[in-house]
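Data block below; observations after.
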Number of protein chains: 2
Amino acid sequence: MKKFQSFSEWFDEVLFKAEIVDNRYPIKGFNVYKAWGAKIAKRITSMLEDLLDASSHDPMLFPVAISEDAFAKEAKHIKGFAAEVFWITHAGKRKLDKKMLLRPTSETAMYPMFAQWIRSHADLPLKVYQSVCVYRYETKATRPLLRMREFLWNEAHTAHEDWDSAEKQVKEAVAIYTNVFERLGLAYYLLKRPDFDKFAGAEYSIAFDSWNPDGRVNQIGTVHNLGENFAKAFGITYEDTDGTHRNVSQVCYGLGISRALAAVISQHGDDHGLVLPPEVAPVQVVVVPIPYKEKEGEVNAYAKMVFEAVKKAGFRVKLDDSEKTPGEKFYYWEMLGVPVRVEVGPRDLKERKVTIAERANLKRSVVDFDEAASAIKETFNSITESLLRRSRQVLEEMTVNAKDLDSLKEAVRNRKIVRVCWCENVGCAETIKEVSGGEVRGHRVDVEEKPESPCVVCGKKAEKVVYIAKAY
Amino acid sequence: MKKFQSFSEWFDEVLFKAEIVDNRYPIKGFNVYKAWGAKIAKRITSMLEDLLDASSHDPMLFPVAISEDAFAKEAKHIKGFAAEVFWITHAGKRKLDKKMLLRPTSETAMYPMFAQWIRSHADLPLKVYQSVCVYRYETKATRPLLRMREFLWNEAHTAHEDWDSAEKQVKEAVAIYTNVFERLGLAYYLLKRPDFDKFAGAEYSIAFDSWNPDGRVNQIGTVHNLGENFAKAFGITYEDTDGTHRNVSQVCYGLGISRALAAVISQHGDDHGLVLPPEVAPVQVVVVPIPYKEKEGEVNAYAKMVFEAVKKAGFRVKLDDSEKTPGEKFYYWEMLGVPVRVEVGPRDLKERKVTIAERANLKRSVVDFDEAASAIKETFNSITESLLRRSRQVLEEMTVNAKDLDSLKEAVRNRKIVRVCWCENVGCAETIKEVSGGEVRGHRVDVEEKPESPCVVCGKKAEKVVYIAKAY
């Protein structure tokens, strides 16, 4: 398949033809989300926000601008991000007294406020989220949706009484993200990052690495246990029941909306274009009349009836009664990934039936007019499941074991995700990267995997089974 | 009333206590939207977006960063905005080859793309919108929500075949904004700005100036007919049916979400806090049990039952079963502006009734349990109407006529909006501003008002009846 053979071209073509983004914006690393892309992104965002709302997170909005002072407070954090922040230095013709940066992530925007809001244990837990754009000056080649200097994400930040409550929050965050990704039919590895690759300022980081057809992994979500690091830097303390003042324990987690959208496109798409899970499809059903000689009027009227019935059943449906030929319409709506096409021709009309075509597997079936809505509903239930199953199968097939550096190198070159045993020595991770180009992405946290052979580099006792891949 | 006597203090207190915004963010002109404020803002935004969707506008997302080249293309536009844009000049430690600005509005972000997208008359009309933050370096004193350097808005941009189609679009835009503002119960003057005060690059500008308790007006929405000015600057042309290449005609309109929120707060609020129109209230109904001696269990159980019934009827309802006293709960939910409070006491329980208290007028009434949902529904229908009526009455009372400069000056000092006759001479407008501090905001476009006396300044023939006020 073209998608697997030349992913980059396939991806650019689909993004353009399915009107997801336009990458011709005159500033590198910034792109325009066209209507179809903006609508899918909004549905993914809402899906997540609903779950955050239901688990007592408060929506808020913090400024895009962060002061240099606040940014510099947590030593490791600034070290990790300093090279990739954009600086606002002037306004009008004036030089600003204090320059400001565009948020690359919002710890340093939020935590000065947390320090004012949190006084006692009664103020905890504090659970806040926002859906915004963030800004990072990527120096590697940018890629639409996957590696941009401006991208859409949702970030949540929480504060708790102690380490154990924070640990529970890590689990809640993982469960929420898992729910979203499963409903999007996405397959990924849930990995604890090696210590050298954790978030700047965190105790540890967990990440969702989804597969991409070119063998790279796409980090679509991360959950960080920050311990008391930021609490100490920003003075976020609370008075406990016994009168003692303690540092809060913090967790933060981010889900890349742009990247999740990229994963939906690249995992499910095929040579005909997008394949969208019904829950996030801006249009779920398209009704296409297939007029035939002197039957145009009748067929169009019947198509309208079908459209009304499907609409009444609560689906997001569109009747394509444009001037285009049925073939052009099929091509267009397949490119856009609309989950179900309902074809209405003279024979359907005569038999009071409709023809249902599923985008995901291109299968067609004929059902009675009265059963159209329930047939679509059944189809929708099965689509997401089968997308998920299919995607997990690809991930499995894409993953191979390697016991020595040569086979690791060969596997990465063949666009595989490679499972190896590792001694946890940073030097060995560096060797892996030098030799193969792949990175040590971490070990699985949802499944326990015990190393059964020595470190793939040094041959000493291995501590972890880790996954190696190139990454976006 | 305190609100009218010392608006500024009243406003700050309500914003803080009702958790709308926190103004202690360490950068001037940038504030944090807390959960209650963020939720109301989101509902106002959705209300507008639904109308834009229904009238064939496409949601898109354009970058926050605009190149200096694009910004400079329309001569009047750059002249109008140059003094108030924030510049991004560096990334990491590097100086950028080309500096970029944060969008103060998105003409210059969008129109280079429009030029690529529009080829023929079949591509028209193009109707695009986005809900984003914009950035303007205000040099006047900043005020939370009302005059910020970062604020929330929705902007729409359209392109048409000719002037007449653009004129129709102006009318559609005005109708959409009118719908939103009426549903928010807001009163305003719909004014055509004098030529010297139109949007930088427009042919003319229409604005919604809402009243504020301190006598200033708050511009909550604007609609601009751009003619072919930007089409010429950005080369946005289309091929007509006859093969001719023509410039598109453009319209753009913006609704300030932050400012509309400010107007809702300041027009409807009272000395007890916010008063929210039900449609945008994050919580529409709060159920408060009033336990009484040995009846706590029964009253709480009944309150739970009432809560479930109201919830089932589809309202956004909250049961406040916290440890606070009923008095504390009343105070809290009144401050937050929740439209209806349902009180459930021993007597209500005994008679299977509930007590309904309306936030807007503080009236209470007792209804049967079975009729609670329908009574709330009726109340909701009347609330928005009566808020609108009440607000329009204030606007009327706040507006006075003046026939000479002394009475104009006096009226502005007394926090009035002043109706005067004006000759359309810029010098006379300048005199008005110098003498009274008020600005010529324009003449009404929804109602024809003929000048019946000479210009308030020069005594020559007046051309327009205009409204004078200080403005945010």
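Source: prediction; values computed, not measured. A note on names: the letters A, B, ... follow the listed sequences, proteins ahead of strands, and every chain is numbered from 1.
- With a threshold of 4.5 angstrom between heavy atoms, Ile66(A) approaches chain B through its backbone and through its side chain.
- The choice from Lys98(A), Arg24(A), Lys99(A), Glu84(A) that makes the most heavy-atom pairs within less than 4.5 Å of chain B is Arg24(A).
- No cation-pi contact links Lys95(B) to Trp87(A), judged by a cut-off of 6.0 Å to the six-membered ring centre and 45° from its axis.
- Of the two parts of Asn31(B), only the backbone, made up of N, CA, C and O, holds a non-hydrogen atom closer than 4.5 Å to a non-hydrogen atom of chain A.
- Against chain B, the residues from residues 123-143 of chain A that qualify, each with a non-hydrogen atom under 4.5 angstrom away, are Tyr135(A), Tyr137(A), Thr139(A) in number order.
- Closest of all the heavy-atom pairs between Val64(A) and Glu150(B) is N-OE2, 3.1 Å.
- Of the atoms belonging to Glu19(B), not a single heavy atom falls under 4.5 Å from chain A.
- Closest approach of Phe86(B) and Met100(A) over heavy atoms only: CE2-CE, 3.8 Å.
- In this structure, Lys324(B) places its NZ atom where more than 12 heavy-atom neighbours from other residues, nucleotides or ligands lie under 6.0 Å away.
- At a threshold of 4.5 Å between non-hydrogen side-chain atoms, the residues Lys39(A) and Pro59(B) count as touching.
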Checklist entry - Would Lys42(B) and Glu49(A) count as a side chain to side chain contact (heavy atoms under 4.5 Å, CB included) if you check the C-alpha gap in whole Å, the side-chain angles of each, and the deciding distance to 0.1 Å? => result CA-CA 12 Å; Lys42(B) 190 173 173 182; Glu49(A) 289 184 346; 2.6 Å; yes
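- Proximity to chain A is absent for every atom of Ala41(B), based on heavy atoms less than 4.5 angstrom apart.
- Residues Met60(B) and Ala35(A) approach most closely at CG-N, 3.8 Å, considering heavy atoms.
- Side-chain contact between Ile88(A) and Thr89(B): absent, with no pair of heavy atoms (C-beta onward) separated by less than 4.5 Å.
- With Tyr25(B) as the partner, the side-chain contact (heavy atoms from CB on, under 4.5 Å) test is satisfied by one option alone out of Pro112(A), Pro63(A), Ser67(A): Pro63(A).
- More than 12 heavy atoms of other shown residues, nucleotides or ligands fall within 6.0 angstrom of atom NZ in Lys28(A).
- Between chain B and the residues Leu96(A), Val21(A), Asp22(A), the largest count of heavy-atom pairs under 4.5 Å involves Asp22(A).
- A donor atom on one side chain and an acceptor atom on the other are not found under 3.5 Å apart for Trp36(B) and Asp58(A).
- Contacts of Ala65(B) with chain A are made by both backbone and side-chain atoms, with heavy-atom separations under 4.5 Å.
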